[in-house]
Amino acid sequence: MDCLFCKIIAGEIPSTKVYEDDAVYAFRDINPQAPEHIVLVPKTHMDSANDITEDNISNVTAIWRAIPKIAKELHFAENGYRVINNCGEDGGQTVNHLHFHLLGGRKFTDF
Ligand code: 5GP
Ligand code: ZN
């Protein structure tokens, strides 16, 4: 499948990895919107949040298990952070492999 994030997970496109387990790969965003901007993806491809089902929601659980671990490891857990999922065209999704943005290191004022 011609998917940018599948290629990053496979190591075919280089990335700066910050975390990995059986289900999750997390790496630094190439165009960071905050001092800390990490993208978390399930290793199993799904296009977007619209593809989450009872059968694959364990991948999302794994991502949420990783989020506070990464925030603590990178020392911004205590100050706080923002997690964003963009879904589909109106949501502003540009890469069609489900992913969550973990943003930290600054205060987010706008919604
Ligand atoms: P979306 O807009 O789909 O929610 O987020 C896609 C994100 O992927 C964007 O923040 C964009 O900067 C990031 N991105 C796109 N291509 C690459 C890449 O080749 N490497 C990395 N590390 N991030 C990428
Ligand atoms: Zn993919």
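Order of appearance sets the numbers: ligands from 1, and atoms from 1 within every ligand. All residue numbers in this chain count up from 1 along the given sequence.
- For His97, the N, O or S atom closest to the Zn ion (ligand 2) goes by the atom name ND1.
- Here the shortest heavy-atom distance to atom 19 (O) of ligand 1, taken over Asp29, Thr94, Ile30, belongs to Ile30.
- Atom ND1 is the N/O/S atom of His45 found closest to the Zn ion (ligand 2).
- Residue-level proximity to ligand 1 for Gln33 is absent, since no heavy atom of it falls below 4.0 angstrom.
- In this structure, the ring of His99 has its center less than 6.0 angstrom from the ring center of His101.
- In this structure, Glu36 contributes its side chain and Gly104 its backbone to no donor-acceptor pair below 3.5 Å.
- Side-chain atoms of Asn56 come within 3.5 Å of backbone N or O of Asp51 as a donor-acceptor pair.
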### Task
Just do the side-chain contact (heavy atoms from CB on, under 4.5 Å) check on Phe27 and Val41 with the steps written out, would you?
CA-CA 9 Å; Phe27 54 98; Val41 299; 4.1 Å; yes
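- Near Asn86, with a cut-off below 4.0 Å to any heavy atom, the atoms of ligand 1 are 1 (P), 2 (O), 4 (O).
- A donor-acceptor distance shorter than 3.5 angstrom exists from the side chain of Gln33 to the backbone of Asn31, with no hydrogens or angles considered.
- Considering backbone and side-chain N/O atoms, Gln93 never comes within less than 3.5 Å of an N/O atom of ligand 1.
- Any N or O atom pair closer than 3.5 Å counts here, and Ile13 shares no such pair with ligand 1.
- Heavy-atom distances between Ile8 and ligand 1 reach below 4.0 Å in at least one pair.
- Rounding to 10 degrees gives 120° for the angle at the Zn ion (ligand 2) between SG of Cys3 and SG of Cys6.
- Distances shorter than 4.0 angstrom do not occur between any heavy atom of Ser15 and any atom of ligand 1.
- Side chain of Lys7 to main chain of Pro14: no donor-acceptor pair is present (N/O by atom type, distance under 3.5 Å, no hydrogens or angles).
- Counting heavy atoms closer than 4.0 Å to ligand 1, residue Leu4 contributes side-chain atoms (C-beta onward) but none from N, CA, C or O.
- Using a 4.0 Å heavy-atom cutoff, Val39 is absent from the residues neighbouring ligand 1.
- Taking any N or O of Phe27, backbone or side chain, none lies under 3.5 Å from an N or O belonging to ligand 1.
- Polar contact check, His99 against ligand 1: a nitrogen or oxygen pair lies under 3.5 Å apart.
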